[in-house]
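Taking it in order: structure first as C-alpha cells, then the write-up.
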Number of protein chains: 2
Amino acid sequence: MANHPQGTQRAVKWYPPAYDIRVETIPIPEIIEPDDALVKIKLAGLCGSDLHIYRGHEDVDAELICGHELVGEIVALGSSFYPGATGRPELYSTLQIGDKVVSPFTVSCGECHFCRVGFTCRCIHSALLGTPLLPGGQAQYARIPKAGGTLFSLTALARSNARVLDIADSSLLLLADILPTGVFVALQALQHPKLSPMLTGSAYPSSSFVPCDGLVLSGTGVMKPLETADRTLTIAIVGLGPVGVCAAVSLLHMMENIRTTKGLDCRIVAIDPNEARRKKMEAVYAKINSHDKQSCAFVVAAIDEAQDLAKLWTGGAGCNAVLEVVGNNSALDLAYSLVRPFGIISSVGVHQEPPIPFTGRDVYNKNVSLDFGRCPVRAMFPLALEILVKRQDVFGGIGDDASLIENTVSFDQAAQSYELFDKGKCGKILFDPWM
Amino acid sequence: MANHPQGTQRAVKWYPPAYDIRVETIPIPEIIEPDDALVKIKLAGLCGSDLHIYRGHEDVDAELICGHELVGEIVALGSSFYPGATGRPELYSTLQIGDKVVSPFTVSCGECHFCRVGFTCRCIHSALLGTPLLPGGQAQYARIPKAGGTLFSLTALARSNARVLDIADSSLLLLADILPTGVFVALQALQHPKLSPMLTGSAYPSSSFVPCDGLVLSGTGVMKPLETADRTLTIAIVGLGPVGVCAAVSLLHMMENIRTTKGLDCRIVAIDPNEARRKKMEAVYAKINSHDKQSCAFVVAAIDEAQDLAKLWTGGAGCNAVLEVVGNNSALDLAYSLVRPFGIISSVGVHQEPPIPFTGRDVYNKNVSLDFGRCPVRAMFPLALEILVKRQDVFGGIGDDASLIENTVSFDQAAQSYELFDKGKCGKILFDPWM
C-alpha cells in the first residue's frame, strides 16, 4: 500500500432534503477491508438515476458523495490482492495497481450464488455507489469494496484483447451503467419464451421439457413451421433518455445478428414526448444507418404518433415487446397499451413507491409478461463491451448531435449541471475531477 | 347434416346475480355457421373457474348455460367440413361425424396469427364456453363455433396412435382445461430465461444475441460453468385445487425428463391452507412416487410451514419460481414473499378487478418476473396428452384418495354439487348428462 495517496480531495456532495449540491474538500478515503481497492477517478458520470436522490425521492436523510458511474485507475489495494494472501486467490489475482478499471454502479462480491449465476446486482453484499452507505464516484478518489468481484479491469483484458485500450475513457464510462442497462432491457425481451415462436419459426409450446413421442399432430394448424408473416417482431422502446438510446442501439445490434441467420423481420418504434430526446435518437440512428444499413424499420415518435403506428404496423394486435426505460406509472400504462396479448414488458425503470398500475384482470386478459428490475451490470460487461467496440460511431463522440455525452465539465459546474439535467435542458454530462 | 338431432335437451343454467343453478329443458342447438360442430356431450366438468360466475364475481347480468369442460362425439357439422367446401380445406378436413372430441374451454379459429403461433387462448375470435355469448358444456348437446380450429379429435389422432382410444372419458375431460393449465404454468416457469443458468449450467447472460468474439473473460468468477450447488432449483406451487395438483404432476414429469439428461437437483414445496387439498396432493404424490421413484424432493405444506421450509432449503434466498394457481391477491402476496431476487412468478390464476398488490419498488428491488394469464389449451394438447397417457396412475382414477375426480353425477345433483364445490366440501365433479 506504499502508493496510497494522502491528504484531501474534492468531491460532489448532496444534502437532504433535495436539490442541494455542494463541492467540498474532504479526506481521501482509506483502504479499510482487505478486499478494497482505491481508485483514482479519471471521469465520473451524471446519470438519470442520480436524479432520484437529487429530487429527494429516495427517502435519504443523510448527506452523501454523489455518483455511481466511474472510470479510473487503481492506486491502492487491500491485502487480499497481494501475492500469498489467503482466500480468493483466483478472483483477486486479476487486479493490480495501475490497472485501468470501470466500476458497475453496484458492488458485487463475485463469490455468492447470485454473483456466480450472473445476477450480480442482487449480490448478497450488494451496495449502491452514491448512497450514505457507500460514497460515490463524483470525487477524485473512491474506495470500492469487494473490488475483485466488482471492478472490471481493461488492463487485464488488454493482455488478450489489445484493442480495448484504444477506447476513450468517455466511452468506457458508459459501461458503468447505461450501456449494460440498455443491453439488458433488450436481451430480457428477446430471450423471453413468448418471443420464441417468432425467433425460431416453431409455434408455442416447445416440447423440450415434455418429449412427445409420436404425438405431434397434423392438420391442427398450430404445429406447422411458421410463415414469414407470423415472424415479424414489433418492438417499442418507451423513454429515450441516455439508457433508452443505449437500449435502441443494443436492440438494433442484436436484431442484425439474429437476422443474418434467421431471416426475421423487425420493426422498432422509439418513443419519447421530449422533442430534444427524439432528435438525439434520430441522429444516433442516422449515424448507425449511414455506416451500416439497418434491416429493421426504425421510427422515432411522440406518444400519440407511436400508438397509431404500432396499430398500423400490427393490424391492431400491438407490439410483441415493449422496453420500459423510464420508471414511472405513465410509462407502464403506455407500455401496457402498446403490448399485444402474449407480449412482454421488459422494464429497467427505477420504480418507486406507487403500486404498479395494473389490475388482475388487465394482466390476465392480455397474458402479459413483466420483467422488472436492475441490470446486473457486472455480468453484462462482455456483451456491453462487445457492442461498445463495434459501435464506436455512436459511443465514441462527445458534443455532436449524435453523441450520448454532451460535455465534460469540472466540479465547479456540478450544481448547475444537476439543475440543467433535472430540467431536461442538457444531455449526459461527465465530470473530470482534475479539471 | 342428416343426423342433426331435433327437439329438446336438459342443461345446467345459472341465473344472476349469484348462486342460482337450475336444470332446465331447452331446445337442442342448431348448426348456425358453416364452421360449427354440434357435439353430443358424454361428460362435462365442474371447474374452479365456474365458481367465478357462480359467485357473481364476473359482472354477468344474463342467464347462461354453464360449463367449459366437455368431452363428446360430433353429431353434426357445418358445410365447411363437407368434401368440396371452399376455404380452409386442410384445417377442416380433420373432423368427421362420429369423432370423439375434447373441446378446450375457449374457442380458437386455428387461422389467425395468435392461433398459428400457438397463443390460441387469445385467438381474435376467442370466446369462452359457459358465458352469455357462448352456451357451455353442462348440457346434452353443445354447438362449438370454429370447430376445425377448436375441437381436438381423438379419433383422428387414433389413426396413428391407437393407444389414445384406451383413455377413459373421465381422463380425457381433464384435457379441456385443468391439465393443460397445469402443464402451462409449470412450463412457463421452466422456460423463463432467469432459470436458464440453473438448467444449462452457464451463467447469465447467454450471449447468443451478441456473439462476443474473444471477449470471454477469465477470472471474473461469473463466466465459469456453474457448480452443482448453484444448479438446485427450488419451486413453490401456491394452491392445490385440481389445477394446482395438475401443475405439480406436470412439474414432476418435466423435472424427471430434464434431470435424466442434465443432472439437476430440484425441490418442490406444494402449498395450500386447506387440509383436504393437502391430503389429496399427498395421496397423488405417494401414488406417483410408488410407481416411479421421484428424484425431486417434494413436500406438501400449509403456508407458514412452507415459508419456513423455503427459507431453510434456500438459505433465506427464496424460491427460483413460484407457480400461482389461485387467482387472488393473497396468493400473489404469498408468491412474492416466497420468490427470490431474479425469480419468476408464473400465474394462471384468474385474477379479477383489484389492482395487483405490488409497488414499483417491490418489483424493481427483487428483479421479479411475472407471467400472467390464461392457458392456450388448444396449443398445449400434445404436451398435456403425453402427460395424461404417461400418468394414468394419477389421471385414470375416480373417487379414491388420489383421484382428481371425486365423482360422476347426474344433472339432478347440479345445484348441490355447485354448492359443495364452492364451499370446498367436495373435489372435482363430472356431470353425465344422460344419467
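Chain letters run A, B, ... following the sequence lines, proteins first, then strands; residues in each count from 1.
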| task | Between chain B and each of A:Lys194, A:Gln188, A:Lys366, count heavy-atom pairs under 4.5 Å; write down the option with the most. | result | A:Lys194
| Heavy-atom proximity to chain B below 4.5 Å, by part of A:Pro197 | side chain
| query | What residue in B:Asp362, B:Asn328, B:Leu332, B:Ile356 has the most heavy-atom pairs under 4.5 Å with chain A? | reply | B:Ile356
| remark: Among A:Ser206, A:Ser347, A:Ser108, the residue with the most heavy-atom pairs under 4.5 Å to chain B is A:Ser206
| Side chain, backbone, both or neither: which part of A:Val350 has a heavy atom under 4.5 Å from chain B? | both
| Proximal component of A:Ser250, with respect to chain B [non-hydrogen, under 4.5 Å] | neither
| request: Using a cut-off of under 4.5 Å on heavy-atom pairs, state which of A:Met380, A:Arg340, A:Arg361 scores highest against chain B. | output: A:Arg361
| Within-4.5 Å side-chain heavy-atom neighbours: A:Phe381 and A:Pro104 | yes
| remark: Comparing A:Asp371, A:Asp230, A:Val368 against chain B, the one with the most heavy-atom pairs below 4.5 Å turns out to be A:Asp230
| message | Heavy-atom pairs under 4.5 Å with chain A - which of B:Arg122, B:Met254, B:His351 has more of them than the others? | response | B:Arg122
| said: Quick check on B:Pro341 against chain A: is it the side chain, the backbone, both or neither that has a heavy atom closer than 4.5 Å? | reply: both
| query | Using a cut-off of under 4.5 Å for heavy-atom pairs, which of A:Asn329, A:Leu187, A:Ile345, A:Ile344 has the most such pairs with chain B? | reply | A:Leu187
